[in-house]
Visitor: 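Here it is, the structure, as structure tokens.
Throughout, a chain's letter reflects where its sequence line sits, starting with A, and its residues are numbered from 1. Note that these values count all heavy atoms, side chains included, but never hydrogens, waters or copies made by symmetry.
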Protein chains: 2
Amino acid sequence: MQISSRFTIALHIFAAMDVFGKDYKITSDFLAGSIQVNSVIIRNILSQLRNAGLIKVSRGTGGAELAKAPEEITFYDIYAAVESVEDGKLFRFHKNPNPDCPVGRNIHLLLDDMLDDIQDAMEKEMKRYTVADLNGGIEDLIGAETSENQIGVEAENQAGTETEA
Amino acid sequence: MQISSRFTIALHIFAAMDVFGKDYKITSDFLAGSIQVNSVIIRNILSQLRNAGLIKVSRGTGGAELAKAPEEITFYDIYAAVESVEDGKLFRFHKNPNPDCPVGRNIHLLLDDMLDDIQDAMEKEMKRYTVADLNGGIEDLIGAETSENQIGVEAENQAGTETEA
DNA sequence: AATCAATGTAATAACTTTCGTTATAACGAT
DNA sequence: ATCGTTATAACGAAAGTTATTACATTGATT
């Protein structure tokens, strides 16, 4: 099984808040336009991010904004906020190992630490990335995009990009 | 979403093969008795492990055995064999980010490397564990169990375990 | 060659989770 | 009071997991 798209949608939300936050009110409809999923899905995810203390959402008037500095919001915070996993465990366990079998009786004891190690490795890497990285990255990408189109000569000189005709 | 229990079932299978392989023929019914899931589930997982070259399964006569040395079978090999994830990607992506939006147009470029890093961290940790670790671990646990019951005095002397009454 | 225990695999269904959609109440500024 | 918006419930469609039944096939044994 894969981790649900709520996580990438949430990351998309943060990137959009950075790019458009100054010029637009970040409503669920606005976000739904960029992400192209139903605005109720967006609102549910916004609620989860709000409950986790990562953003503030204005009722009535509308709009979302960060509740913390971008450097203080890690990918793990976002993942934990939107991915509602039972017990926070990444690996699902078969439910009824046989207690009358030496292996069945000990399988949890055997695996739990190892599986936790693996999950920890993932979560530790998730904590290395923050919304600040997201913001820097999306700004660079959009910047590169506009310089490609508007001052293509520079781009050619630097990177030798082949332009058609 | 969690990773499916096929992974822990597969690990259970390897542990059972180690503990019982010398005294019993490891059939899907035998395994189903320890894991307590339907034997067809077991057979499907055995087939996936066989297709990945990790075990050999005897048709007709029945029974499963390792196809490689225990040290050469990593948790990642097992995970990859049984967890049929699209493109091998851990993170599901929302399908239709808006190409007319600068963020929607760049979100994949923005996230793909970061998400791959996170997935790599998990898979790298998975590669550190092998079936040999599994075997050593389950043998230790079962050994500790029997010494608790049969020569409880030793266990008390060593670990100061509290026994009731 | 017939038997038998076992695997391989298809088909179906129950169950769970995700995602989409509609509907409605509540909010807050104007 | 109105209007745009959020909050949330309810329902359903779609996809994935797990369980179960069924049956053809295999290969050793007799």
Visitor: Using whole Å, what does the distance between atom P of nucleotide dA5(C) and atom NZ of K25(B) come to?
Guide: 10 Å
Visitor: Are any of the side-chain heavy atoms of I9(A) and L31(A) separated by less than 4.5 Å?
Guide: no
Visitor: Check whether any side-chain heavy atom of P97(B) lies under 4.5 Å from a side-chain heavy atom of R105(B), and answer yes or no.
Guide: no
Visitor: At a heavy-atom distance below 4.0 Å, what parts of residues 26-42 of chain A sit against DNA chain D?
Guide: T27(A), S28(A), V40(A)
Visitor: Please give, in whole Å, the distance from dG8(C) C1' to N51(B) CG?
Guide: 11 Å
Visitor: Rounded to whole angstrom units, what separation is found between the CD1 atom of I13(A) and the P atom of dT6(D)?
Guide: 11 Å
Visitor: Tell me the interatomic distance from I55(A), atom CD1, to dT6(D), atom P, rounded to whole angstroms.
Guide: 10 Å
Visitor: N44(B) has an atom CG; how far is it from atom C1' of dA10(C), in whole Å?
Guide: 10 Å
Visitor: So, OP1 or OP2 of dT5(D): does either fall under 4.0 Å of a side-chain N or O from S58(A)?
Guide: no
Visitor: Please work out which of the three classes, parallel, tilted or perpendicular, describes the rings of F20(B) and F30(B), given edges at 30° and 60°.
Guide: perpendicular
Visitor: Within the structure, does a side-chain N or O atom of R6(B) lie under 4.0 Å from either OP1 or OP2 of dG16(D)?
Guide: no
Visitor: Answer yes or no: is there a donor N or O on one side and an acceptor on the other, between the side chain of R6(A) and the main chain of V82(A), under 3.5 Å?
Guide: yes
Visitor: For L90(B) and I3(B), work out which heavy atoms get closest and say how close.
Guide: CD1-CD1, 4.4 Å
Visitor: Could you pull out the protein-nucleic contacts involving nucleotides 26-30 of chain C (nitrogen or oxygen on both sides, under 3.5 Å)?
Guide:
from	atom 1	to	atom 2	distance (Å)
dA26(C)	N3	R59(A)	NH2	3.4
dC27(C)	O2	G60(A)	N	3.4

Visitor: Does one side chain, of E72(A) or T130(A), offer a donor that lies under 3.5 Å from an acceptor on the other?
Guide: no
Visitor: G63(B) or R92(B): which one's nearest nucleotide on DNA chain C is closer to the 5' end?
Guide: G63(B)
Visitor: Under a 3.5 Å cutoff, is there a donor and acceptor pairing between the side chains of R92(A) and S5(B)?
Guide: no
Visitor: Just checking, any donor-acceptor pair under 3.5 angstrom between side chains of D77(A) and T74(A)?
Guide: yes
Visitor: Measure up the F75(B) and F7(B) rings against each other and bin them: parallel (under 30°), tilted (30 to 60°), perpendicular (over 60°).
Guide: perpendicular
Visitor: Mind calculating the distance between CG (L46(A)) and P (dT8(D)) to the nearest angstrom?
Guide: 12 Å
Visitor: Mind calculating the distance between CD1 (I9(A)) and P (dT18(C)) to the nearest angstrom?
Guide: 12 Å
Visitor: For the pair made of CZ in R50(A) and P in dT5(D), what is the distance, rounded to whole Å?
Guide: 18 Å
